Amino acid sequence: QVQLVESGGGLGQAGGSLRLSCTASRRTFSRYGMAWFRQAPGKEREFVAAISWSGVGKRYVDSVKGRFTISRDNAKNTVYLQMNSLKPEDTAVYYCAAEPENRLLTDPQLYHYWGQGTAVTVSS
């Protein structure tokens, strides 16, 4: 069982930055592929970014490439999402997810462990 706790959401301005954090309870965090998803009101949950066990492998949805960066610190059991050049369309609840697979999974149904979500609102 893995418990995930997100933090760092809030109100940002267009063109600004926010950093999300997700801390896992499990010691074997380094053996979990991690990802960030987001869900805007009235929309389905959308893949944002994924990172491999070592942190070398990364994948992003096209809409955030060049603006968002996913990273992880296995010593701190934490994965991050640095969000730069924010846009109003980035407004959503952001969730981190974990799966004991070293693959960059983009399908939310393939992740067994989820955080409670942190809301991000970007004003224009």
Side-chain angles (χ1 to χ4, degrees):
Q1 190 76 5
V2 179
Q3 292 183 326
L4 304 172
V5 179
E6 300 104 333
S7 61
L11 180 63
Q13 290 189 335
S17 299
L18 286 173
R19 188 175 83 154
L20 306 183
S21 301
C22 172
T23 300
S25 62
R26 196 167 180 92
R27 290 183 180 181
T28 55
F29 173 77
S30 62
R31 290 294 180 263
Y32 282 78
M34 302 296 297
W36 288 95
F37 290 79
R38 65 187 179 186
Q39 189 165 18
K43 294 189 176 181
E44 294 186 352
R45 193 164 296 190
E46 173 191 36
F47 168 77
V48 176
I51 190 166
S52 65
W53 291 1
S54 67
V56 173
K58 300 178 184 181
R59 177 176 289 173
Y60 298 93
V61 67
D62 286 347
S63 60
V64 308
K65 284 181 181 176
R67 300 190 299 120
F68 291 10
T69 302
I70 188 171
S71 62
R72 67 189 296 163
D73 185 338
N74 287 339
K76 295 183 179 180
N77 285 9
T78 300
V79 62
Y80 304 97
L81 185 68
Q82 177 66 43
M83 305 187 294
N84 298 330
S85 301
L86 286 167
K87 301 178 179 180
E89 51 263 43
D90 294 322
T91 295
V93 176
Y94 284 72
Y95 299 89
C96 74
E99 183 66 19
E101 294 271 357
N102 195 23
R103 294 188 288 162
L104 302 173
L105 302 174
T106 63
D107 183 349
Q109 295 195 20
L110 298 179
Y111 286 88
H112 284 89
Y113 305 104
W114 291 87
Q116 81 288 353
T118 185
V120 171
T121 302
V122 181
S123 61
S124 58

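Just so you know, residue 1 is the first one in the sequence shown, and it goes up from there. As the structure is a computational prediction, the values presented were derived from the model and not from experiment.
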K.L.:
With distance as the sole test, does S52 use its side chain to make a donor-acceptor pair with the main-chain N or O of N102 at under 3.5 Å?
P.N.:
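Looks like no, no N/O pair under 3.5 Å.
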K.L.:
Of the non-hydrogen atoms in A14 and P88, which two are nearest, and what is the gap between them?
P.N.:
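Closest pair (atom of A14, atom of P88, distance): CB-CD, 4.2 Å.
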K.L.:
Taking the side chain as C-beta and beyond, is there a heavy-atom pair between M83 and D90 under 4.5 Å?
P.N.:
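Answer no - side chains too far apart.
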K.L.:
Shortest non-hydrogen contact from L4 to C22?
P.N.:
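Nearest pair, atom of L4 first, then C22: CB-SG, 3.9 Å.
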K.L.:
For T78 and T23, test the side chains for any donor-to-acceptor distance below 3.5 angstrom and give the result as yes or no.
P.N.:
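Per modelled atom types, T78 and T23 side chains form a pair under 3.5 Å.
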K.L.:
Specify the closest pair of heavy atoms between P108 and W114, including all atoms of both residues, with the distance to one decimal.
P.N.:
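Scanning both residues completely, I find the closest heavy atoms to be O-CZ2, 3.3 Å.
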K.L.:
Without swapping roles, check the side chain of E6 against the backbone of Q116 for a donor-acceptor pair under 3.5 Å.
P.N.:
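Side chain of E6 to backbone of Q116: a pair is present.
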K.L.:
Does the W53 side chain pair with the main chain of S30, one donor and one acceptor, at a distance under 3.5 Å?
P.N.:
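Checked: no pair found.
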K.L.:
Taking the side chain as every heavy atom from C-beta outward, state whether E46 and V64 have any pair of such atoms under 4.5 Å apart.
P.N.:
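Of all side-chain heavy-atom pairs linking V64 with E46, none is under 4.5 Å.
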K.L.:
Are M34 and F29 side-chain neighbours, meaning at least one heavy-atom pair lies under 4.5 Å?
P.N.:
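Touching, per the 4.5 Å side-chain cut-off.
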K.L.:
Side chains of E101 and L110: closer than 4.5 Å at any heavy-atom pair?
P.N.:
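E101 vs L110: side chains apart.
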K.L.:
Supply the atom-to-atom distance R72 CZ to C96 SG, rounded to the nearest 0.5 angstrom.
P.N.:
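Taking CZ in R72 and SG in C96, the distance rounds to 11.0 Å.
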K.L.:
Can you give me the closest heavy-atom contact between V122 and T91, atom names plus distance?
P.N.:
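Minimum heavy-atom separation between V122 and T91: N-OG1, 2.9 Å.
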K.L.:
Drop me the distance from N84's CG to S17's OG, to the nearest 0.5 angstrom.
P.N.:
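Spacing of CG (N84) from OG (S17) equals 3.5 Å.
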K.L.:
Would you check, one step at a time, whether the test side chain to side chain contact (heavy atoms under 4.5 Å, CB included) holds for L86 with F68?
P.N.:
CA-CA 9 Å; L86 286 167; F68 291 10; 4.2 Å; yes
K.L.:
Of all the heavy-atom pairs spanning G33 and Y111, show the shortest one and how long it is.
P.N.:
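The answer is O-CE2, 4.0 Å.
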K.L.:
Do L104 and I70 belong to the same hydrophobic cluster, where Ile, Leu, Val, Met, Phe, Trp and Tyr are linked whenever their side-chain heavy atoms lie under 4.5 Å apart, directly or via other members?
P.N.:
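Shared cluster, no.
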K.L.:
So, applying ring-ring contact (aromatic ring centres under 6.0 Å, His included) with F37, which one of Y95, F47, Y94 is it?
P.N.:
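Looking at Y95, F47, Y94, the match for F37 under the ring-ring contact (aromatic ring centres under 6.0 Å, His included) is F47.
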K.L.:
For the residue pair W36 and V79, establish whether any side-chain heavy-atom pair is separated by less than 4.5 Å.
P.N.:
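A side-chain contact under 4.5 Å exists here.
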K.L.:
With a 4.5 Å limit on heavy-atom distance, are the side chains of Y113 and Q3 in contact?
P.N.:
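Sidechains of Q3 and Y113: no contact.
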K.L.:
Return yes when atom NZ of K58 has more than 12 non-hydrogen atoms of other residues, nucleotides or ligands closer than 6.0 Å, and no otherwise.
P.N.:
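Check passes, neighbour count above 12.
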K.L.:
Would you say Q82's side chain and R19's backbone share a donor-acceptor pair under 3.5 angstrom?
P.N.:
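Such a contact is absent between Q82 side chain and R19 backbone.
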K.L.:
Compare every heavy atom of G9 with every heavy atom of L20, then report the nearest pair and how far apart it is.
P.N.:
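The answer is CD2-N, 3.6 Å.
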K.L.:
Go through the structure and list residues passing side chain to side chain donor-acceptor pair (under 3.5 Å) with T28, not counting sequence neighbours.
P.N.:
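T28 satisfies side chain to side chain donor-acceptor pair (under 3.5 Å) with R26 once adjacent residues are dropped.
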K.L.:
Would Y80 and V2 show up in the same hydrophobic cluster when neighbours are defined by side-chain heavy atoms closer than 4.5 Å?
P.N.:
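Each belongs to a different hydrophobic cluster.
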K.L.:
Is there a side-chain contact between S63 and K87, using heavy atoms and a 4.5 Å cut-off?
P.N.:
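The answer is no, as the side chains (C-beta and beyond) never meet within the 4.5 Å cut-off.
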